[in-house]
Visitor: 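What follows is a single structure, and I will ask about it in a moment.
Chain A is the first sequence line, chain B the second, and so forth, proteins listed ahead of strands; every chain is numbered from 1. Just so it is clear, the structure is predicted and the values come from calculations on it, not from any experiment.
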2 protein chains.
Amino acid sequence: MNRRLTQRGRERRQQLMSYAITRFAENGYHPTSVAEIVHGLGVGKGVFYWYFASKEELFLEILRDAQRQLRRRQEAAIADEPDPVRRIELGIRASIAWIDENRDVVKLLQFAATEERFAPVLRRGQDVAVADTARHVKEGIVEGRIRDLDPFVLSHAVLGVAGHLAREFVHERSQSVDDVAEAAVAFCLGGLMGSPPD
Amino acid sequence: MNRRLTQRGRERRQQLMSYAITRFAENGYHPTSVAEIVHGLGVGKGVFYWYFASKEELFLEILRDAQRQLRRRQEAAIADEPDPVRRIELGIRASIAWIDENRDVVKLLQFAATEERFAPVLRRGQDVAVADTARHVKEGIVEGRIRDLDPFVLSHAVLGVAGHLAREFVHERSQSVDDVAEAAVAFCLGGLMGSPPD
DNA sequence: GGCGTTCTTGACCGCGCGGTCAAGTGATCC
DNA sequence: GGATCACTTGACCGCGCGGTCAAGAACGCC
C-alpha cells in the first residue's frame, strides 16, 4: 500500500486517519466500522481502501505515528539539558503535556495493549522510551543522586506514574496539566531519590 | 436473568465465565464469538443464553466479580494493621499478588477501560480502591509521616505504580512477585514520604 | 485536446456474528 | 407415573461487517 500520493492524496490520508482516531476513541476499534468512517467523511468506501490496505493496517499506522510523535516530543523537551535528574523531570512534563493533547490517541494505545495483534508494535515503542529514561536514571545513580535500584524498574515506575496521573486527572477530571505534572514530578523524584524510612 | 440455579447450574455458570475469561484475554472481547465459547466447552449455544442475557452482560459480570475479589483481597491483607503507612504497603503487596494470580482478568479490566460502555462499572470500583488508600494516606499526613499533598493524587500515583510494575514485570517479564512488590513499595514510600531535593 | 495517472464511486459479495426458539432430556418431588 | 422445573440442543434468522471492483471523474502535463 505504498502508493505515490499527490498533495491532495496526502491530505485525504491524513483526514482519514484523524477522523478514524476520533471514531475509534469514542466507539472502540472493533465496534467502529469502515462504513461508518467513510460515511462520516461523506466519501465512498473505495477511498478508504485506496489509502489503506485494511482497517487493521490503518490502526497500526495510527499507533506507529503516535509513538513517533511522543518520542520526538520527549527528545525536543530534553534537548541539551545536562543534568540527568532534570532530564527525567522534563521528560515527565513532556509526556504529560503530550497525553493531554492527544486523549484520543492515548485511548487507542491503551486499547492496543490489550490485543495480542497490536501489542508487539506497542512494546517496541515503550521499550525505547524506557531505555531513554533508564539512561538518565543510570547517570543519576552514578552521580549518587538516585538510589541504587534497577534503572529499568525505576524508569517503568516513573512512566507508570506519569501515564496514570495524566489519564486520571487530566483526561478524566480535567485538572490543570501543570498541577498534575507538578504532582507527578514530586512523587517520582521522591521515589527515585528515596529516603527509605524505618 | 436472575434465574434459580441448582448446584449443577451454578457450576456451569462458573465454567462459562472462567472459560470466557481465558478466551477474551487471549483473543480480545470483540473478536471472541459466543459460538467460539460454547464450542470450546462442547455445549450448545442455548446454554450460554440460559445463563447470560447477552455477551455484554457476561462481560460486565466478569468485571464486577473481579473488582469484588480484588477488594476482598486488599481488605483481608490490611485486616487490623494499625499503622497507616504499613497498611498502604500491605495494600500494594496484596494488589500485586492478585494481579499476578489473575493475568487474564487484569487484561480484561484494562480493555474495559477503553470502551465507553464498560468504563462506568470500572470507575466505581477504582474510586472505591482509591478512597480506601486515600484514607490511610490522610492518616499518614496527619501523623506527619507522609508529605502534605493531595491524598487522592498520592493514592492514584501509588495505584499507578503498583499496577504498571506488576503488569510489566510480573506478567510480561515473569519476574518474581516478591521482588516486584519490594520495588513498588520502595518507590511508593519514597514518593509518599518525599525528601524533595534542591 | 489528448493521455496517463491519481483518485472516487457505490453496488455487491460471502461470511460469521449475536441472538432466538420449538423441541427435547433429566432430575426431583408427590 | 405423571407433573414440574432446570437445563440443553442446534437449526435458524436478519443484519452488518470487511473487503472488492468495474466504471468513471478530476487532475497534471505535453
Side-chain angles (χ1 to χ4, degrees), chain A residues 1-63 108 111-112 115-118, chain B residues 1-63 108 111-112 115-118:
Chain A
M1 193 65 20
N2 284 332
R3 288 191 188 284
R4 282 176 113 64
L5 296 180
T6 64
Q7 177 59 21
R8 183 159 147 259
R10 262 171 276 137
E11 276 163 20
R12 255 281 195 264
R13 196 185 144 91
Q14 198 48 51
Q15 191 187 23
L16 279 161
M17 281 183 78
S18 65
Y19 186 68
I21 287 171
T22 68
R23 303 306 297 142
F24 286 158
E26 191 167 314
N27 257 88
Y29 169 74
H30 292 292
T32 301
S33 66
V34 173
E36 194 181 330
I37 293 170
V38 295
H39 185 247
L41 249 28
V43 300
K45 220 175 191 183
V47 170
F48 186 96
Y49 289 96
W50 177 259
Y51 294 101
F52 303 98
S54 65
K55 189 184 168 188
E56 184 172 339
E57 216 205 52
L58 158 65
F59 192 73
L60 288 169
E61 205 71 31
I62 290 171
L63 295 184
L108 302 191
F111 162 74
E115 294 250 328
E116 221 56 70
R117 240 213 265 59
F118 303 126
Chain B
M1 191 68 19
N2 282 332
R3 289 192 188 284
R4 282 178 113 64
L5 297 180
T6 63
Q7 176 59 22
R8 183 159 145 257
R10 262 171 276 136
E11 277 163 20
R12 255 280 194 267
R13 196 185 143 91
Q14 197 48 53
Q15 191 188 22
L16 279 162
M17 282 182 77
S18 65
Y19 186 69
I21 287 171
T22 68
R23 302 307 297 141
F24 287 157
E26 191 165 313
N27 256 77
Y29 169 74
H30 292 291
T32 301
S33 66
V34 173
E36 195 181 329
I37 294 169
V38 295
H39 185 248
L41 250 26
V43 300
K45 221 176 190 182
V47 170
F48 186 97
Y49 288 97
W50 176 258
Y51 293 101
F52 302 99
S54 65
K55 190 185 168 186
E56 184 171 339
E57 216 205 52
L58 158 67
F59 192 73
L60 288 169
E61 204 74 29
I62 290 171
L63 295 183
L108 302 191
F111 162 75
E115 294 251 329
E116 222 54 71
R117 240 214 265 57
F118 302 126

Visitor: Who are the salt bridge (charged side-chain N to carboxylate O under 4.0 Å, His left out) partners of E57(B), not counting sequence neighbours?
Guide: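 Here no residue qualifies.
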Visitor: Check nucleotides 11-14 of chain C against the protein and report each pair of N or O atoms closer than 3.5 Å, with its distance, or say if there are none.
Guide:
none

Visitor: Expressed in angstrom and rounded to an integer, what is the separation of N27(A) atom CG from dC17(D) atom P?
Guide: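 Computing the N27(A):CG to dC17(D):P distance gives 11 Å.
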Visitor: Relative to each other, are the rings of F111(A) and F59(A) parallel, tilted or perpendicular (30° and 60° limits)?
Guide: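 Geometry flag for F59(A) against F111(A): perpendicular rings.
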Visitor: For V43(B) and A53(A), find the nucleotide of DNA chain D closest to each by heavy atoms; which residue's nucleotide sits nearer the 5' end?
Guide: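 Upstream on the strand: V43(B).
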Visitor: What residue pairs, at least two apart or across chains, pass side chain to side chain donor-acceptor pair (under 3.5 Å) with a residue in residues 33-55 of chain B?
Guide: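 For residues 33-55 of chain B: R23(B)-E36(B).
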Visitor: From CG of L41(A) over to P of dC7(C), roughly how many Å is that when rounded to an integer?
Guide: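 Answer to the nearest Å: 16 Å.
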Visitor: Starting at CZ of F24(A), measure out to CD1 of I62(A) and round the result to the nearest 0.5 Å.
Guide: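 That separation rounds to 5.5 Å.
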Visitor: Quick one, which residues of residues 31-39 of chain B touch DNA chain C with a heavy atom under 4.0 Å?
Guide: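 Residues of residues 31-39 of chain B that come under 4.0 Å of DNA chain C are, in numerical order, T32(B), S33(B), V34(B).
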Visitor: Mind checking salt bridge (charged side-chain N to carboxylate O under 4.0 Å, His left out) for R117(B) and listing every partner two or more places apart, or none if nothing turns up?
Guide: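 Applying salt bridge (charged side-chain N to carboxylate O under 4.0 Å, His left out) to R117(B) gives E56(B), E115(B).
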Visitor: Listed by chain and number, what are the side-chain contact (heavy atoms from CB on, under 4.5 Å) partners of T6(A), not counting sequence neighbours?
Guide: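 Applying side-chain contact (heavy atoms from CB on, under 4.5 Å) to T6(A) gives R8(A).
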Visitor: Using the test side-chain hydrogen bond (donor to acceptor under 3.5 Å, both in side chains), find all partners of E11(B) that sit at least two apart in sequence or belong to another chain.
Guide: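 So E11(B) forms a side-chain hydrogen bond (donor to acceptor under 3.5 Å, both in side chains) with Q7(B).
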Visitor: Which donor-acceptor pairs under 3.5 Å do the side chains of residues 15-22 of chain B make with protein atoms, sequence neighbours left out?
Guide:
residue, atom, partner, partner atom, Å
Q15(B), OE1, R12(B), NH1, 2.9
S18(B), OG, Q14(B), O, 3.3
T22(B), OG1, Y19(B), O, 2.8

Visitor: Taking salt bridge (charged side-chain N to carboxylate O under 4.0 Å, His left out) as the test, write out the residues that go with E61(A), two or more places apart.
Guide: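 E61(A): salt bridge (charged side-chain N to carboxylate O under 4.0 Å, His left out) contacts with R13(A), R64(A).
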Visitor: State the CG-OH distance between L58(A) and Y29(A), to the nearest 0.5 angstrom.
Guide: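 Answer for the CG-OH pair, L58(A) versus Y29(A), is 7.5 Å.
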Visitor: Which of residues 54-61 of chain B have a heavy atom under 4.0 Å from DNA chain C?
Guide: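 Heavy-atom contacts with DNA chain C come from S54(B), K55(B).
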Visitor: In residues 5-15 of chain A, what residues come within less than 4.0 Å of DNA chain C, judged by heavy atoms?
Guide: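 Correct list: L5(A), T6(A), R8(A), G9(A), R12(A).
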Visitor: The side chain of V47(A) lies closest to which of these nucleotides: dT9(C), dG18(D), dT6(C)?
Guide: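 The listed nucleotide nearest to V47(A)'s side chain is dT9(C).
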